[in-house]
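Side chains are part of it too, since the values below use all heavy atoms of this structure and drop only hydrogens, waters and symmetry mates. Every value quoted in this text rests on a predicted model; they were computed, and no experiment measured them. Proteins come first, then strands; the chains are lettered A, B, ... in the order of their sequence lines, and each starts at number 1.
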Amino acid sequence: MTTTIPIGPFHPVLEEPEYITLEVDGETVIGANFDLGRVHRGMELLAQEKTYDQDIFLVERICGICSASHSWAASLAIEDIVGCEVPARARYLRTIVHELERLHSHMLWVGLAGHIIGYWTVFMWGWKYREPILDALEAITGNRQHYAWYRPGGVRRDVPDEIWPNVLKIIEEFDRKTDMLTGAILDDPVILGRLRGVGILTKEDAIAYGTLGPTARGSGFDVDIRRDEPYGAYSEVDWDVIVQDGCDCLAVAVVRLLEMKESVKIIRQCIEKLPGGPIDAEVREVPRGEGCGHVEAPRGESFHFIRSNGTNMPERHKMRAPTFNNIPSFRPRIKGETISDALLIFAVIDPCYSCTERLAIVGPSGEKLATSKDLLRLSHEKTEELRKNS
Amino acid sequence: MGAMNWGFKKSLWVFHLNAGACNNCDIEVLDCLCPKYDVERFGIKLVGSVKHADVLLVSGSVPRKVVPQLVETFEQAPQPCAVVALGSCGCTGGIFKDGYNFAGPVDKHIPVNAYIPGCPPRPEAIIDGIVKLIGKL
Ligand code: SF4
């Protein structure tokens, strides 16, 4: 007999909330379905009713964790229409903030993954190490999140040189902590047992489903906008794209852990090379035309398309965030796995906290079989069992 | 307010409902629980079900599709339960108030006891809001 498990009803952790129903046969998951739209705020129409300057503040609020990515992508799209050259200092400053965002986003994910497999220490550590990054962002941009940092043509504020030694200190410290955490995670037989070979997404599937970001790179699909279509200062600094061929949850975790080290490398070089000069190429008006901008957000490519009719508001503003592509890849990943791994596999695509709090298993007639707590408990029990046997 | 006072004298358990938030408000709520701010010292704790909660923390601009769930969650909460609207979105709708799918803000659907503005409110602001709420009740 198949049973249906709804995950949701709303998972508004990101701009694409998910309502997922799992079909299970006993312990084994045989299928998954999606229903989106619970955090639909009418972004695209709102963007068309605001001026270009106001738009940047709006797209920042698409998602709390990727606010730098969206505002940068929208700025790139506007600059594409105007055809203006962004000053070097602005490009470097933009890159620094973007990479700091990636650091805190990946660390947040590490913490959540730890929480799901029942390692509270990993959760607390991850979130503790993340705090100094937010302090650095606050020192640079003035806010912990939603930086209001990007604007068409450049960045909004200049930064005094005195703050860089402190920022460098923070990221060096973060780098050491990441090493320690990476070592601790990859040495732990129980964590490895929970991650290795679980939730396989083959390279063919990764390409067929159009996955992006670490989800794709964990399956050996080598795609990274930062390298493929360089923007900002990425072509002027030395860094590597991390690709893993494992195709399982472990591979995605390793991609994220190693990517943090690359981000630290990028930030360090950007601070060292930071040129002087203006921070803004003033954009006075936006001519008729079309433009697009894409950046590599922590979860994959963020894409913005803007069509201008010569007024001060866009005629069309289309946005697409990476999770939209990544969600469907949950389907091939989950097939044949057990319910106790479902939460983990879901989190591998994308951090999802609210959803884990709002899970319920219901039978075909609608009676409640288990709640989110039970699912989390199942996941924790599996870890305990592995711990005992190892 | 006798029963209220008695109910809120000890540890406050908080249920956090994300009603169409951009995610940042929620992250800041979690930040409060982490080593730097650690509100569990004061007995403030996030719980997984509203049925265990003293405080219902609602963030987000409340899109139409979420309204039934918001109201249902509030109805399931054991009374007395204080409701806190979190963030500019939760308080007024913020930047989303002109959206066609906007059905909020929170106080249009359920009674709200405290508002914590900010986009996102800093963890200090959230803690301050909760403390003021305790004082007010
Ligand atoms: S108030 Fe700001 S941070 Fe909070 S959900 Fe709304 S847009 Fe996001």
What's the separation between atom [atom1] in [X] and atom [atom2] in [Y], rounded to the nearest 0.5 Å?
X	Y	atom1	atom2	result
A:R61	B:I95	CZ	CD1	5.5 Å
B:I27	A:I65	CD1	CD1	4.0 Å
B:L30	A:R130	CG	CZ	8.5 Å

Need one label for [X]: side chain, backbone, both or neither, based on atoms under 4.5 Å from any heavy atom in chain B.
X	value
A:E138	side chain
A:E131	side chain
A:R144	side chain

Minimum heavy-atom distance B:F96-A:L46, with the two atoms named: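 Nearest heavy atoms, B:F96 then A:L46: CD2-CD1, 3.8 Å.
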Options B:C25, B:C119, B:G99, B:C34, ranked by heavy-atom pairs under 4.5 Å with chain A, top entry: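 Most pairs with chain A among the choices: B:C119.
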Close side-chain approach of A:L134 and B:K36, heavy atoms under 4.5 Å: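 A:L134 does not reach B:K36 side chain to side chain.
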Largest heavy-atom contact set with chain B, pairs under 4.5 Å, which of A:K50, A:E49, A:M124, A:E60: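 Max contact count across the listed options: A:M124.
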